[in-house]
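Below you'll find the structure I mean.
Predicted, not measured: the structure shown is a model, and the values here were computed from it. Chain naming here is simple, since letters A, B, ... match the order of the sequence lines and numbering starts at 1 in each.
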Number of protein chains: 2
Amino acid sequence: MQNSEALALTAVLLAAAGDLTRRINDGVEARGFEGRPAFGFAFTRLAPDGATVTELAAHLGVTKQAASQLVDELVRKGYVERRAHPVDARARLVVLTERGWECTRAAEAAAADAVGAWVEILGEAEVRVLCDRLARIAPYGPLRPTW
Amino acid sequence: MQNSEALALTAVLLAAAGDLTRRINDGVEARGFEGRPAFGFAFTRLAPDGATVTELAAHLGVTKQAASQLVDELVRKGYVERRAHPVDARARLVVLTERGWECTRAAEAAAADAVGAWVEILGEAEVRVLCDRLARIAPYGPLRPTW
DNA sequence: CATGATGGTCAAGCAGATTGACCAATACGT
DNA sequence: ACGTATTGGTCAATCTGCTTGACCATCATG
């Protein structure tokens, strides 16, 4: 494995990730929702039972202040609500609204469409292999919406 | 391919790309250079013969103003120089300095190290396959350092 | 019950991008 | 050849999303 190949792998990986993210975001908007890529990643943590701001922050790999601002935005757009936490009076449980669930489903559909384009190129089996290999090398940690 | 799998693929792809980018950046810093991920992507366009600000902007997928600011930073840190363009008096050719070349080589070495960690998990052959598949689905367009 | 740790918000600031205005030099149509 | 539109680049102002720092309320522990 030569050095230039390693850099090329990085570039193609970034390009693929960026392409997929963009396609999904476009698809979500086309379905009548306004949002940014970070929303989708937040939804995957918020579903199905909600999460606290701190948990969301850990999931996204940002500070709790940043996560709180994101939640503000999600509340403003009607996708989530802040509720009292059932067992901890300090904490507040952030849960999806009905519209939030609709947006989540839209994101899933858009993701399926985007991956579908890849299936047409590589075939279902190859995409599954790709998934499996990536899962084995990807770190477990938080996924950052931006760098 | 179910919807949830499509979202999972996106997550794992982003995690892998983010992980690789972070490892390379850490490796470059460990070798005594200060920089951010965008530098490496700029270098791949600047080498070997330089490029104009506009070309760099297209490569990175940002406005030419943003690219110009990045070049300012690279000049300040001693990695590149602005030279007169040989055939177009409007344009200026941005070329790597000797230190810029050193940093580029450091980035390549760091990338090789980072990918090496993957080779240990998947084996050389699998990583090559991964490269190939990704190359077939990744778009040709600019690669954005941030989203 | 005192003390520290934890969940959350407010406020200010920064980094890296954007849009808009502008100038110099090139390319093009007649 | 010449006026006009286009292109390369920069300056300036602004925006967005995130960070750091301060702070309060509540939980957990001696």
Side-chain angles (χ1 to χ4, degrees), chain A residues 14 18 21-22 25 29 34-42 45-46 49-77 79-95 141-147, chain B residues 14 18 21-22 25 29 34-42 45-46 49-77 79-95 141-147:
Chain A
L14 272 174
T21 304
R22 189 186 47 73
N25 202 55
E29 290 184 349
E34 64 170 337
R36 36 183 186 113
F39 286 6
F41 299 111
R45 183 64 185 79
L46 261 21
D49 299 317
T52 65
V53 164
T54 298
E55 288 166 345
L56 190 57
H59 178 70
L60 296 176
V62 298
T63 60
K64 56 186 182 175
Q65 291 93 325
S68 187
Q69 289 173 17
L70 180 67
V71 170
D72 285 343
E73 194 181 343
L74 289 171
V75 169
R76 219 178 310 126
K77 297 196 166 133
Y79 295 135
V80 307
E81 281 177 3
R82 282 185 228 251
R83 298 221 179 129
H85 194 284
V87 301
D88 190 335
R90 294 170 301 178
R92 311 180 67 177
L93 199 59
V94 180
V95 296
L143 40 91
R144 313 221 30 178
T146 74
W147 319 319
Chain B
L14 271 173
T21 304
R22 189 186 48 73
N25 203 53
E29 289 184 349
E34 64 170 338
R36 29 181 193 119
F39 286 6
F41 300 111
R45 183 64 185 78
L46 260 23
D49 299 318
T52 67
V53 163
T54 298
E55 288 165 346
L56 190 56
H59 177 71
L60 296 176
V62 297
T63 60
K64 55 186 182 173
Q65 291 92 326
S68 189
Q69 288 174 21
L70 180 66
V71 170
D72 285 343
E73 195 181 341
L74 289 171
V75 168
R76 218 177 312 123
K77 294 190 169 140
Y79 296 136
V80 307
E81 282 177 3
R82 283 186 228 252
R83 298 223 179 127
H85 195 284
V87 302
D88 189 336
R90 294 170 301 180
R92 312 180 66 179
L93 198 59
V94 180
V95 296
L143 40 92
R144 314 221 30 177
T146 76
W147 319 320

Open item on the list: I'd like to check A/Y79 versus A/L46 (side-chain heavy atoms, cut-off strictly below 4.5 Å). Are they in contact?
Closed with: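 A side-chain contact under 4.5 Å is absent here.
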TODO: Find the distance between CG (A/L56) and CG (A/L74) and round it off to the nearest 0.5 Å.
DONE: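 Separation between the atoms: 8.0 Å.
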TODO: Would you indicate whether the side-chain heavy atoms of A/L70 and A/L60 approach each other to under 4.5 Å?
DONE: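 Yes; the side chains approach each other to less than 4.5 Å.
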Open item on the list: When the axes are fitted on five pairs at both termini, how much does the helix from C/dC1-D/dG30 to C/dT30-D/dA1 curve, in 10° steps?
Closed with: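 The end axes of the helix from C/dC1-D/dG30 to C/dT30-D/dA1 are about 30° apart, to the nearest 10°.
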TODO: To the nearest 0.5 Å, tell me how far A/R83 CZ sits from A/R92 CZ.
DONE: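 One gets 12.5 Å once the value is rounded to the nearest 0.5 Å.
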Task: From CD (A/Q69) to OG1 (A/T63), nearest 0.5 Å - done: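 Answer rounded to 0.5 Å: 7.5 Å.
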TODO: Check whether any side-chain nitrogen or oxygen of B/T54 sits under 4.0 Å from OP1 or OP2 of D/dG9, and answer yes or no.
DONE: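 Looking at the OP1 and OP2 atoms of D/dG9, one of them is under 4.0 Å from a side-chain N or O of B/T54.
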- [ ] Quickly work out the B/L60 CG to C/dG16 P distance and round it to whole Å.
- [x]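 It works out to 13 Å between those atoms.
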Open item on the list: As a test of reading the structure: which of C/dG8, C/dG16, D/dG9 is closest to the side chain of B/T52, going by heavy atoms?
Closed with: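 Ranking C/dG8, C/dG16, D/dG9 by closest atom to the B/T52 side chain puts D/dG9 first.
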TODO: Specify the residues of residues 63-75 of chain A, ordered by number, for which at least one heavy atom lies under 4.0 angstrom from an atom of DNA chain C.
DONE: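 Under 4.0 Å from DNA chain C: A/K64, A/Q65, A/S68.
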Open item on the list: Between C1' on D/dT16 and CZ on A/F39, what's the gap in Å once rounded to a whole number?
Closed with: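 My rounded result for the distance is 12 Å.
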Open item on the list: Does any part of the side chain of A/T21, heavy atoms only, come nearer than 4.5 Å to the side chain of A/N25, both counted from C-beta?
Closed with: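 No; the side chains remain at least 4.5 Å from each other.
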TODO: May I ask you to list the residues of residues 79-94 of chain B, by number, that have any heavy atom positioned under 4.0 Å from an atom of DNA chain C?
DONE: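 Those residues whose heavy atoms fall under 4.0 Å from DNA chain C, taken from residues 79-94 of chain B in numerical order, are B/D88, B/A89, B/R90.
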